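As the structure is a computational prediction, the values presented were derived from the model and not from experiment.
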Amino acid sequence: EQTVKDLKREIAQTYKAVKEFVIEYTSDLKAFKTVFKGLVDNIKDKTSQKGQIDLNSSKTSEFDKVHKRETRKEMDRGMER
């Protein structure tokens with residue numbers, strides 16, 4: 001359905017925007033990694049809490065899927081973050 005695709009695209013765009021923001025406002029690579037990992041972990045915890053609606057009956061949130069996909073892309077390009 002188009003609405004689901006739109007939501008997935010919006011989640012991916014939000015992920016990328018937040019990542020760019022954190023990169024811009026952290027002083028070095030180690031600080032970026034620490035802050036961004038904490039953010040991703042926090043979002044994963046919040047979205048996996050009991051009572052959350054799971055539309056796809058999947059245990060992995062869309063945000064986590066985007067994070068894994070983007071991390072793989074960076075590794076493929078030889079970038080370390």
Side-chain angles (χ1 to χ4, degrees):
E1 185 171 306
Q2 191 60 32
T3 304
V4 173
K5 287 181 183 180
D6 290 342
L7 289 172
K8 286 182 178 185
R9 186 174 26 255
E10 186 174 331
I11 289 169
Q13 290 171 340
T14 301
Y15 173 91
K16 291 174 185 176
V18 168
K19 184 175 180 180
E20 289 174 10
F21 178 84
V22 172
I23 287 171
E24 186 175 333
Y25 287 96
T26 51
S27 58
D28 58 34
L29 183 59
K30 185 176 180 181
F32 163 74
K33 285 182 177 182
T34 301
V35 170
F36 200 70
K37 182 181 182 326
L39 175 66
V40 170
D41 290 346
N42 186 292
I43 290 171
K44 284 170 44 177
D45 289 345
K46 298 282 185 197
T47 57
S48 66
Q49 290 177 351
K50 285 187 176 186
Q52 293 291 326
I53 298 172
D54 191 0
L55 297 174
N56 295 324
S57 298
S58 170
K59 294 186 188 255
T60 305
S61 71
E62 187 63 28
F63 189 86
D64 194 34
K65 289 177 187 176
V66 171
H67 176 65
K68 288 177 183 177
R69 184 172 55 242
E70 291 298 316
T71 301
R72 265 187 257 120
K73 281 182 187 177
E74 288 176 4
M75 292 176 87
D76 288 348
R77 285 187 229 133
M79 297 173 66
E80 280 189 273
R81 294 239 174 221

What class does the angle between the rings of F36 and F32 fall in, given that below 30° is parallel, 30 to 60° is tilted and above 60° is perpendicular? parallel
side-chain hydrogen bond (donor to acceptor under 3.5 Å, both in side chains) with Q2: which residues, sequence neighbours excluded? D6
Should the pair D76-R72 be classified as a salt bridge under the 4.0 Å nitrogen-to-oxygen rule? no
From T14 atom OG1 to E62 atom CD, the distance as rounded to the nearest 0.5 Å: 11.5 Å
Between CD1 on residue I11 and CG on residue D64, distance to nearest 0.5 Å: 11.5 Å
When rounded to the nearest 0.5 Å, the distance separating CG of L39 from OG1 of T34 is 12.5 Å
Is there a side-chain contact between V22 and V18 in this structure, where contact means two heavy atoms from C-beta onward sitting under 4.5 Å apart? yes
Contact summary for F63 and V40, nearest pair of heavy atoms: CE2-CG2, 3.9 Å
Just how far is it from atom NZ of K44 to atom NZ of K37, taken to the nearest 0.5 Å? 7.0 Å
Mind checking whether K73 and E70 have side chains closer than 4.5 Å, heavy atoms only? yes
Run the side-chain contact (heavy atoms from CB on, under 4.5 Å) test against N42 and tell me which residues pass, sequence neighbours left out. K46
